[in-house]
Amino acid sequence: MFQPYQFSIGGWCLVSEGSDPFGEPTRDLPVEVGLEGCAEAGIKFVSFHDRDLWDDDASEKKIEQKVEETLDLVKQYDLSVYNFTTNLFSNTCFRSGALSSPFPQVREAAIVKACRSMDVAALMGAKNMIFWGGREGSDGAYEQDTGLGLKRYIEGIKICVDYALEKGYDYIVTIETKVYEPRLLASYAGTGSSASSAIRKFFPDPKYNGRILINPEYPQHVAMLGLDPVFELGQLLEEDMLAPFIHFGGQIPARMDCDLPPGVGSSLTADFMICNLLHERNWDGIIEFDCRPMRTTTAAEGMKLFLKHSVGYWKMLEKKVNIYDNDPIISKIKAELTQTESAELKSVMSAVHKGTGVVKAVQALTKSFTSFEAISEINTDAIEAHIYRVLQILTGTYEEGASIFEGTRWSA
Ligand code: GLT
Ligand code: MN
C-alpha cells in the first residue's frame, strides 16, 4: 500500500529573515506565524538548534526553562519536536572549525556544547540528533593534515555518540553532508558517500549499527556540486545508511546553498526521481523541509504560502509517482528494463555472493556467450521512451501524449 510521507521543518526556516552577505533582513516574523502556518499546511514536526533557543553561554536553569517553554509552544500548534541539532558553526569561537579544529581548546568547546545538546535532545524527545559540520573543513587546507582533520571530526562525533549510548538515549545520530559552505574549499566527509565510508571506518563495532546514519539535503547539498542527488540516494539506500528523514528544498545547480522553496531552481525530474526511489524502496521516513521563503517575501501571508507550497509540491510528486506506478506505457517500458537474468549470469552472481566458484561460473557464462555483435543488436530504445513518458507524466500531458507511443511496442 502506498504510504505518503509526513512532514517536518527546521524551526530556523520559520524565522529566517531573508538577509544575505550583501543585504539586511527583509522580514521579521514571530515564530508563531510559522508554527501556525505549519499547522495549516499539515506539517506535524519541527526541529531546533540549541542556539535557536538560547545563547551558547546560557545557564543550565535558562536552558531547562527554554526547553519547557518550547515544548509547550509547539504543542499549542499540534506539533512535536522531531530533530535536535547543535550549532557548531555560528559562534566566532568556531571560526577555525569545531570538533576538527587544530586548536585543542576549540575542540573541547565543541565537545562540551555538543554533549550538552545530546542531553537536551533526549529531554525534548527528539528522534534524531543532527551533526552538520559546516565549519569542519577548510578554506584552503592551511589548517592541518586533511586526514587528521577528518579523523578529529569523526572521532569528535564518536565521543558524542558514545556519550549518548552510555546515557541510554535512544535517538539516532545523523551526519548531514554538505561538501563546502560556509568553508570555501571543502568540508570533511562532505558527501553522502564519503561520510558513509568514514562511518564504516570509525564505527566498526556492531553496537553502532543503525545508530549513526546520514541525512542528506536534497537537492541542495548535492546539486550545489552540479551532481544529481538520486545517485547518492541510491547508494545510501543500498548501504542502509539513509537516516529516517531527508532534508528537502530547492537549489540552482552549481551555486552556493540556495535553500530555495522546493522546486524553485531545481530539476523537476530529479525531484521526481528522489520521491519515486524512496517509495520504490519502501523507505519509511519523514520529509523535513530545510529551506525558506525567498528574500522578496516579507509578510505572514507569504510565509504561510511558502509552507503550503512546500507540502503541496511534495504531494504533487507523490501523485506523479502514483500515476507512474499505474501507467500501462511505463509498465511495458519497465518490463524491458527489468528483465530476468540467464541461468549462467545467475550462477556468476551466486558464486560471488558465496565467495567461491567464480572462475567456474564465468567459464560457463563465456561458453554460452554469443558474440559482441549479437549483443549490439539488442534494442535499448526503452531508455529514451522512459524519459519521454516521465516528462509527460510530470507535465500532466500524459493523456494526449500517449499518442506518440501509438504504433510502438509500448503502446497501451
Ligand atoms: C544550516 C545548514 C543546514 C543544516 C542545518 C542544521 S544548519 O542551515 O545549511 O542544511 O541542516 O544544522
Ligand atoms: Mn539541512
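Everything numeric here is computed off the predicted structure, so don't read it as measured data. Ligands are counted one by one from 1 in listed order, and the atoms in each one are counted from 1 as well.
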*With under 30° as parallel and over 60° as perpendicular, where do the rings of Y5 and W314 fit, or are they tilted in between?*
tilted

ask   = Non-hydrogen atoms of F131 versus ligand 1: any pair closer than 4.0 Å?
value = no

Report task. Specify whether Y153 and Y188 have parallel, tilted or perpendicular ring planes, treating 30° as the upper limit for parallel and 60° as the lower limit for perpendicular. Result -> tilted

_Side chain S8, main chain E288, donor-acceptor under 3.5 Å_ = no

When you measure from the Mn ion (ligand 2) to the N, O or S atoms of E217, does any of those distances fall below 2.8 Å? yes

Notebook entry, point to check: Does a salt bridge link E143 with R183, judged by any charged N lying under 4.0 Å from a carboxylate O?
Noted result: yes

Closest non-hydrogen atoms of L71 and M124, given as atom of the first, atom of the second and distance, are CD2-O, 3.9 Å

query = Looking at ligand 1, does any of its N/O atoms fall within less than 3.5 Å of an N/O of D290?
reply = yes

query: Looking at ligand 1, does any of its N/O atoms fall within less than 3.5 Å of an N/O of H247?
result: yes

Among the N/O/S atoms of E176, the Mn ion (ligand 2) lies closest to OE2

Between E69 and K66 (salt bridge meaning N to carboxylate O under 4.0 Å), is one present in this structure?
yes

- Message: So is H221 touching ligand 1 or not, going by heavy atoms under 4.0 Å?
- Response: yes

**Message:** Can you confirm, on distance only, whether ligand 1 has an N/O atom lying under 3.5 Å from any N/O atom belonging to W12?
**Reply:** no

Cation-pi check, K158 onto F203 ring (under 6.0 Å, within 45° of axis):
yes

Of all protein heavy atoms, the one nearest atom 7 (S) of ligand 1 is H49 NE2, 3.4 Å

F89 heavy atoms within 4.0 Å reach ligand 1 at atoms 7 (S), 12 (O)

What class does the angle between the rings of Y324 and H386 fall in, given that below 30° is parallel, 30 to 60° is tilted and above 60° is perpendicular?
-> tilted

The protein heavy atom nearest to atom 9 (O) of ligand 1 is K178 NZ, 3.1 Å

Taking only non-hydrogen atoms of T85 and a 4.0 Å limit, the atoms of ligand 1 in range are 12 (O)

Honestly, for E176 the part within reach of ligand 1 (heavy atoms, under 4.0 Å) is side chain

Taking the Mn ion (ligand 2) as the apex, H247 ND1 and D290 OD2 span an angle, rounded to 10°, of 100°

> Under a 4.0 Å N-O cut-off, is there an ion pair linking E40 with K304?
Replying inline: yes

TODO: Using non-hydrogen atoms of the residue, decide whether D257 is closer than 4.0 angstrom to ligand 1.
DONE: yes

